[in-house]
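I have placed the structure first, in the form of structure tokens, so that the comments after it can refer back to it.
Bear in mind the structure is a predicted one, so any value in this text is a computation, not a measurement. Throughout, numbering of the chain's residues begins at 1 and tracks the sequence.
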Amino acid sequence: MTTLVIGANGQIGKQFCELAQQEGTPIKAMIRSEGQAAWFKERGIDSVVADLEGEFEHAFEGCDQVVFTAGSGPHTGPDKTLMIDLFGAMRAADVASQKGLSRYIMVSAMRAENPLEAPEKLRPYMAAKFAADAHLRNSDIPHVILKPGRLTDGTASRQFASSIDEAGDNQISRANVAHALLYVVQTSSIINQEYTLLDGKRSIEEVV
């Protein structure tokens with residue numbers, strides 16, 4: 001079962017791709033340009049050039065499921081948030097559904113269902129995630145929505161929590177998100193579920 005990784009060149013995407021390659025889990029990394037290909041080639045990871053703001057249907061060929069971990073990033077404006085985090089995610093779900101893929105695994109955000117509760121600068125991003133998640137729930141494709149808290153560059157403890165009450169904080173390392181993604185990708189029985197992910201003290205098997 002080959003997994004298309006949309007957002008493979010991002011911070012979570014790269015860590016996930018490296019883990020998947022080490023585990024022998026078949027993936028195809030979707031990248032924006034040939035200039036990003038070297039990192040993946042060095043690690044023996046298949047890649048395909050496709051633009052989330054343009055044509056990308058060809059990237060799905062030969063894939064059975066998709067991971068969406070793309071993001072416009074903190075240094076872009078609301079226009080990119082609309083085109084990537086919202087419209088890009090929605091279009092990818094539609095293509096996955098049309099092509100009959102088995103699952104769409106979305107990396108969303110904790111509390112995306114309440115955009116107005118986010119800091120003002122984050123509200124467009126949270127609104128985009130809210131709408132993209134709703135579109136996915138209403139689509140025909142089986143899905144999993146992962147909702148990590150505030151992302152950090154901490155190491156991979158591989159220990160998780162599913163609420164702030166349990167975790168005592170609202171953060172999770174990108175490395176831990178990558179490990180959680182790998183577990184979900186490898187566990188095909190997880191469908192139509194949503195999980196909040198934070199750094200904690202439980203294994204991913206216990207939290208998911």
Inter-residue atom distance [X].[atom1] - [Y].[atom2], 0.5 Å rounding:
X: Asn9; Y: Thr69; atom1: CG; atom2: OG1; value: 11.5 Å
X: Ile45; Y: Trp39; atom1: CD1; atom2: CH2; value: 5.0 Å
X: Leu181; Y: Gln186; atom1: CG; atom2: CD; value: 11.0 Å
X: Leu4; Y: Phe68; atom1: CG; atom2: CZ; value: 10.5 Å
X: Lys14; Y: Phe40; atom1: NZ; atom2: CZ; value: 6.0 Å
X: His143; Y: Leu101; atom1: NE2; atom2: CG; value: 15.0 Å

Name all pairs fulfilling the salt bridge (charged side-chain N to carboxylate O under 4.0 Å, His left out) condition that reach into [range], sequence neighbours left out, sorted by first residue then second.
range: residues 31-42; result: none
range: residues 173-190; result: Asp153-Arg174
range: residues 158-171; result: Glu166-Arg202

Could you list the residues that satisfy salt bridge (Lys or Arg N to Asp or Glu O under 4.0 Å) with [X], not counting sequence neighbours?
X: Lys147; value: Glu113, Glu194
X: Lys201; value: none
X: Arg43; value: Glu18
X: Arg150; value: none

Verify the cluster assignment for [X] and [Y]: are they in a single hydrophobic cluster under the rule of side-chain heavy atoms below 4.5 Å apart?
X: Val207; Y: Val107; result: yes
X: Leu52; Y: Val49; result: no
X: Phe87; Y: Val95; result: no
X: Ile6; Y: Met106; result: yes
X: Leu136; Y: Val184; result: no

Answer yes or no: is there a side-chain heavy-atom contact under 4.5 Å between [X] and [Y]?
X: Leu146; Y: Val177; result: no
X: Tyr183; Y: Leu19; result: no
X: Ser173; Y: Asp199; result: yes
X: Leu151; Y: Ile172; result: yes
X: Leu182; Y: Gln22; result: no
X: Met110; Y: Leu198; result: yes
X: Phe16; Y: Val185; result: yes

Report task. Taking Asn192 for its side chain and Pro142 for its backbone only, find out whether a donor-acceptor pair lies under 3.5 Å. Result -> no

Requested in this report: Indicate yes or no for a side-chain donor-acceptor contact from Ser97 to the backbone of Asp94 under 3.5 Å, with no hydrogens or angles considered.
Outcome: no

Query raised in the report: Of all residues at least two apart in sequence or in a different chain, which pass the side-chain hydrogen bond (donor to acceptor under 3.5 Å, both in side chains) check with Ser47?
Result: none

Query raised in the report: Among all residues two or more places apart in sequence or in another chain, which pass the side-chain hydrogen bond (donor to acceptor under 3.5 Å, both in side chains) test with Ser163?
Result: none

Of all the heavy-atom pairs spanning [X] and [Y], show the shortest one and how long it is.
X: Tyr125; Y: Asp85; result: CE1-OD1, 3.5 Å
X: Ile141; Y: Ala93; result: CG2-O, 4.5 Å
X: Thr3; Y: Cys63; result: C-SG, 4.5 Å
X: Asn170; Y: Ile164; result: CB-CD1, 3.9 Å
X: Ala132; Y: Leu86; result: N-CD1, 3.9 Å
X: Ile84; Y: Ser72; result: CG2-N, 4.0 Å

Query raised in the report: When you look at Ile190 and Ile105, which way does the side-chain contact (heavy atoms from CB on, under 4.5 Å) test go after all the steps?
Result: CA-CA 10 Å; Ile190 303 173; Ile105 302 165; over 6 Å; no

Query raised in the report: Which pairs with one or both residues in residues 48-57 pass side chain to side chain donor-acceptor pair (under 3.5 Å), sequence neighbours excluded?
Result: Glu53-Lys80

Report summary line: Applied to residues 98-109, the side chain to side chain donor-acceptor pair (under 3.5 Å) test, sequence neighbours excluded, yields Glu61-Lys99, Gln65-Arg103, Ser108-Asp133

Report summary line: Ala50 meets the side chain to side chain contact (heavy atoms under 4.5 Å, CB included) criterion, sequence neighbours left out, with Met30, Phe56, His58, Ala59

Query raised in the report: Just checking, any donor-acceptor pair under 3.5 angstrom between side chains of Ser157 and Asn176?
Result: yes

